[in-house]
Amino acid sequence: MLKIKDRLPPANSLIVFEAVARHESFTKAAQELSVSQAAVSRQIQIAEEALRIKLFERHHRRIHLTAHGLTLYNSVAMGLGHMARTCDELRTEIDHADIFISSSVSFASYWLMSRIAKFRAQFPDYDVRLVAAAKVRDMAAIGVDFVVRYGKGGWPNAEADPMFGNEIFPVCSQDYLERHGPFEDVDDLERATLLKLSQADNNWTRWKDWFNAFSAEYPINANVLRFDSYMLLIHAAIRGEGIALCGRRFAEDLIRDKELVRTINVSLKSENAFYLLRPSGRTMSAKKAQFREWLLAEATDTSAGEDG
């Protein structure tokens, strides 16, 4: 199946097309977009070549949409309008939030959300916004106050506070352990169902790497279940479908709530760690500074996992 970018003309040509169609004028569109009329004409040509249709009928000092052009305009105007309204809503949310933080979906689900709930219980007047997204490349540009990242440190245009390292070990449900265990050492896991991601994440430890770290061979005929997302993988472990690799701080709440148990008492310390990033050179408000201090203190609290 073709990717979206391969099915559409270049995005800039659609923005230019919308302006030309709305004004029915190359000149007025050029003025609105602060570009030359020649640049506008070129973008319309690019769109027509990509679609292999004619979008405008050119008359003396006038242009009109063709039937195909009108069909495209109705779709593009609706789509761009919807995106513009969504962006306005997001900007409004950010502008009104006391604290705006972003992290990966997995980190938000298995560690951060419960801590933010705890923070808001202590500070009910603080408005905290959490966005779970894979990447935030420019914190300052979109107004994010904090971003949680996993790696070795050294992110550009950001100041980073270490939160905690990552100790990785196998986990499963108590039911799975009772049905298929006990597992005494790493070699015993060769007979287990191993839960893994379909696409390897360079930041995450794979089963093969985990076995190799303990001088054990990854089983050639391993019984494997693959998942497109880490959240689905962990849910499968909770349901008793197999054994997953999980970081200690990700697992601590699940172990405390007895949704997961450690499969064997063996763990691997990762070279990567979790960091709390904030834009360089930005002065923090008192509320943001308090949130940062509170969250870093939570990051050093390991009591949640003591029962496991």
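All values reported here derive from a predicted model rather than from experimental measurement.
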Any sub-3.5 Å donor-acceptor pair from [X]'s side-chain atoms to [Y]'s backbone N or O?
{"X": "Asp209", "Y": "Thr205", "answer": "no"}
{"X": "Asp185", "Y": "Asp188", "answer": "yes"}
{"X": "Ser75", "Y": "Thr71", "answer": "no"}
{"X": "Thr66", "Y": "Lys54", "answer": "yes"}
{"X": "Asn166", "Y": "Asn272", "answer": "no"}
{"X": "Thr300", "Y": "Ala297", "answer": "yes"}

Supply the atom-to-atom distance [X] [atom1] to [Y] [atom2], rounded to the nearest 0.5 angstrom.
{"X": "Ser114", "Y": "Glu298", "atom1": "OG", "atom2": "CD", "answer": "8.0 Å"}
{"X": "Glu241", "Y": "Leu195", "atom1": "CD", "atom2": "CG", "answer": "7.0 Å"}
{"X": "Ile243", "Y": "Arg262", "atom1": "CD1", "atom2": "CZ", "answer": "13.0 Å"}
{"X": "Ser285", "Y": "Phe291", "atom1": "OG", "atom2": "CZ", "answer": "11.5 Å"}
{"X": "Phe169", "Y": "Lys269", "atom1": "CZ", "atom2": "NZ", "answer": "14.0 Å"}
{"X": "Asp125", "Y": "Arg120", "atom1": "CG", "atom2": "CZ", "answer": "10.0 Å"}

Taking 4.0 angstrom as the limit, do [X] and [Y] come out as a salt bridge?
{"X": "Arg256", "Y": "Glu259", "value": "no"}
{"X": "Glu48", "Y": "Arg58", "value": "yes"}
{"X": "Lys28", "Y": "Glu32", "value": "no"}
{"X": "Asp127", "Y": "Lys287", "value": "no"}
{"X": "Asp253", "Y": "Arg115", "value": "yes"}
{"X": "Arg278", "Y": "Asp161", "value": "yes"}

Give me the ring orientation class for [X] and [Y]: parallel if the planes are under 30° apart, tilted from 30 to 60°, perpendicular past 60°.
{"X": "Phe123", "Y": "Tyr126", "value": "tilted"}
{"X": "Phe17", "Y": "Tyr73", "value": "perpendicular"}
{"X": "Phe119", "Y": "Trp294", "value": "perpendicular"}
{"X": "Phe183", "Y": "Tyr176", "value": "parallel"}

Is [Y] reachable from [X] through a run of I, L, V, M, F, W or Y residues, each pair having side-chain heavy atoms under 4.5 Å apart?
{"X": "Phe146", "Y": "Leu130", "result": "yes"}
{"X": "Tyr110", "Y": "Met113", "result": "yes"}
{"X": "Met163", "Y": "Val128", "result": "yes"}

Taking all non-hydrogen atoms of both residues into account, name the closest pair between [X] and [Y] and its distance.
{"X": "Leu80", "Y": "Leu14", "answer": "CD1-O, 4.2 Å"}
{"X": "Pro124", "Y": "Ala121", "answer": "CD-O, 4.0 Å"}
{"X": "Phe211", "Y": "Glu217", "answer": "CD2-O, 3.8 Å"}
{"X": "Tyr230", "Y": "Ser106", "answer": "CB-OG, 3.5 Å"}
{"X": "Leu194", "Y": "Leu189", "answer": "CD2-O, 4.0 Å"}
{"X": "Val224", "Y": "Tyr218", "answer": "CG2-OH, 3.5 Å"}

Is the number of heavy atoms from other residues, nucleotides or ligands under 6.0 Å of [X] [atom1] greater than 12?
{"X": "Glu293", "atom1": "CD", "answer": "no"}
{"X": "Gln122", "atom1": "CD", "answer": "yes"}
{"X": "His64", "atom1": "NE2", "answer": "yes"}

* **Stepwise side-chain hydrogen bond (donor to acceptor under 3.5 Å, both in side chains) check, Asn223 with Thr193** => CA-CA 5 Å; Asn223 184 13; Thr193 299; 2.9 Å; yes
Any heavy-atom pair between the side chains of [Y] and [X] that's under 4.5 Å?
{"X": "Leu260", "Y": "Ile238", "result": "yes"}
{"X": "Ile234", "Y": "Leu254", "result": "yes"}
{"X": "Ile116", "Y": "Ile101", "result": "yes"}
{"X": "Trp155", "Y": "Ser280", "result": "no"}
{"X": "Ile46", "Y": "Pro10", "result": "yes"}
{"X": "Ile264", "Y": "Glu184", "result": "no"}

* Asked: With respect to Phe164, which candidate in Phe250, Tyr275, Phe274 satisfies the ring pair (Phe, Tyr, Trp, His ring centres under 6.0 Å) definition?
  ->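 Testing each of Phe250, Tyr275, Phe274 against Phe164, the sole residue satisfying ring pair (Phe, Tyr, Trp, His ring centres under 6.0 Å) is Phe274.
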* Any chance you could lay out the side-chain hydrogen bond (donor to acceptor under 3.5 Å, both in side chains) test for Gln37 and Thr27, step after step, and finish with the verdict? => CA-CA 6 Å; Gln37 187 171 331; Thr27 301; 3.0 Å; yes
* Judged by modelled atom types alone, do Ser270 and Tyr150 share a side-chain donor-acceptor pair under 3.5 Å? ->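 Checked: Ser270/Tyr150 side chains pair up, N/O donor to acceptor below 3.5 Å.
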* Asked: Does a donor on one side chain sit under 3.5 Å from an acceptor on the other, for Ser267 and Glu167?
  ->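 Side chains of Ser267 and Glu167: pair found under 3.5 Å.
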